[in-house]
S.K.: 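Got a structure for you, questions after.
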Number of protein chains: 2
Amino acid sequence: MKLNTKSRYAVMALADMAVFSSDNAVSLRDISLRQGISILYLEQIFLRLKKNNIVKSVRGINGGYILVKSPKELKISDILLALDQKVKTIGCKKDSKKSCNGKSTKCITHNFWDELDIHINSFFENKKLSDLLKNREVRI
Amino acid sequence: MKLNTKSRYAVMALADMAVFSSDNAVSLRDISLRQGISILYLEQIFLRLKKNNIVKSVRGINGGYILVKSPKELKISDILLALDQKVKTIGCKKDSKKSCNGKSTKCITHNFWDELDIHINSFFENKKLSDLLKNREVRI
DNA sequence: ATATACCCGACTAAAATAGTCAAGTTTTTG
DNA sequence: CAAAAACTTGACTATTTTAGTCGGGTATAT
Ligand code: FES
Ligand code: FES
């Protein structure tokens with residue numbers, strides 16, 4: 001069970017923005033250099049972040065991206081959701097009548113996975129971007 | 001983020017055994033029929049469960065598998081571990097000196113993923129196989 | 001003997017992932 | 001105005017992972 005790199009990089013890039021935020025927009029080029037993530041890949045990620053209203057963009061020279069909410073208000077779950085990464089450890093379709101093994105009743109483990117999903121998602125719900133920046137070592 | 005089917009089926013199959021346990025071993029054929037999982041796939045899964053001492057086998061006619069521990073004592077984390085599914089949402093190698101982005105210091109998000117791993121793994125540590133069987137609907 | 005059921009490595013098709021490419025548009029600054 | 005910086009977008013591809021099968025075993029109860 002692993003989160004994909006898109007999600008991990010998204011959180012990393014936004015954390016970077018939170019640290020290096022100023023009145024100006026932060027360019028992907030800067031994030032790329034500081035965090036070691038390909039610009040081309042960041043572009044793809046920020047496209048989604050923008051569509052989901054996590055960041056807004058400023059075009060042209062000296063352009064870049066700006067966080068829509070403050071880091072204190074931005075939930076990690078919002079970020080993951082923007083990248084279609086809502087945790088789903090359950091095997092069946094939540095709304096579907098069918099169980100994960102093709103039977104008509106929910107399987108023997110269904111409730112367990114359901115609990116797990118809630119457990120994990122509540123973690124993401126309760127974490128704010130600003131929480132990542134506490135106690136961190138000073139960096140370049 | 002999703003658990004793979006091997007892990008899910010392993011938990012399901014073992015839960016099945018816990019329900020239908022008797023003095024006799026439970027055959028994969030029976031589990032397959034009850035839970036709708038391919039026998040060939042179950043074989044592969046039980047091979048690992050056996051190697052990790054979760055079940056023991058009885059060969060020959062009327063053979064099958066038997067739970068080594070009682071469902072009350074069998075932790076879900078033990079099952080997942082047997083299938084190499086220890087949760088690892090972190091991007092870097094835990095022991096490696098290198099960070100996930102190739103730098104020499106741990107990345108800005110490292111501690112966060114670490115916390116998440118602990119959060120999820122403690123869930124699995126505290127759940128026993130017997131916990132899955134509580135409050136379940138009566139089944140065939 | 002023979003049927004049943006475990007044992008085990010190798011194999012493959014399909015899906016997901018990670019990341020690139022090409023061809024734009026917008027805006028600032030010289 | 002022209003050039004450069006930086007966002008915009010969809011399509012494309014190589015690699016890896018996943019899910020599951022196959023084939024040819026071995027052990028044991030009846
Ligand atoms: S996980 Fe929902 S029916 Fe099995
Ligand atoms: S997750 Fe460990 S260094 Fe980034």
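When reading the values below, keep in mind they use all heavy atoms of this one structure, side chains included, and skip hydrogens, waters and symmetry mates. Note on naming: letters A, B, ... go to the chains in the order of the sequence lines (proteins, then strands), and numbering restarts at 1 for each one.
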S.K.: Can you tell me the distance, in whole Å, between the CG atom of B:Asn4 and the P atom of D:dA19?
M.R.: 5 Å
S.K.: Nearest whole angstrom, please: distance from the P of D:dC7 to the CG of A:Leu42.
M.R.: 10 Å
S.K.: Tell me the interatomic distance from A:Asn24, atom CG, to D:dC7, atom P, rounded to whole angstroms.
M.R.: 13 Å
S.K.: For a quick test of reading the model: is some side-chain N or O of A:Thr5 closer than 4.0 Å to OP1 or OP2 of C:dG19?
M.R.: yes
S.K.: Mind checking whether A:Phe124 and B:Leu116 have side chains closer than 4.5 Å, heavy atoms only?
M.R.: yes
S.K.: Does either side chain, that of A:Thr5 or that of A:Tyr41, offer a donor lying less than 3.5 Å from an acceptor on the other one?
M.R.: yes
S.K.: Could you check whether B:Lys128 pairs with B:Glu73 (Lys NZ or Arg NE/NH1/NH2 to Asp/Glu carboxylate O, under 4.0 Å)?
M.R.: no
S.K.: Where along residues 46-57 of chain B does a heavy atom fall under 4.0 Å from DNA chain C?
M.R.: B:Leu47, B:Lys50, B:Ser57
S.K.: Looking at residues 9-18 of chain B, who's got a heavy atom less than 4.0 Å off DNA chain C?
M.R.: none
S.K.: B:Leu83 has an atom CG; how far is it from atom P of D:dA19, in whole Å?
M.R.: 11 Å
S.K.: For a quick check, with a 4.0 angstrom heavy-atom cut-off, what is the B/S/- contact string for nucleotides 21-30 of chain D, read 5' to 3'?
M.R.: BB--BBBBSS
S.K.: Measure the distance from OH on B:Tyr65 to P on C:dT4 and round it to the nearest whole Å.
M.R.: 18 Å
S.K.: Quick one: B:Lys2 NZ to C:dT17 C1', roughly how many Å, whole number?
M.R.: 14 Å
S.K.: When the distance from CZ of B:Arg29 to P of C:dA3 is rounded to whole Å, what number comes out?
M.R.: 15 Å
S.K.: Any Lys/Arg nitrogen of A:Lys72 or A:Asp131 sitting under 4.0 Å from an Asp/Glu carboxylate oxygen of the other?
M.R.: no
S.K.: Hey, do the aromatic rings of B:Tyr9 and B:Phe46 have their centres closer than 6.0 Å?
M.R.: no
S.K.: Atom CD1 of A:Ile66 to atom C1' of D:dA6: distance rounded to whole Å?
M.R.: 13 Å
S.K.: A:Leu47, A:Leu67: one ILVMFWY side-chain cluster at the under-4.5 Å cut-off?
M.R.: no
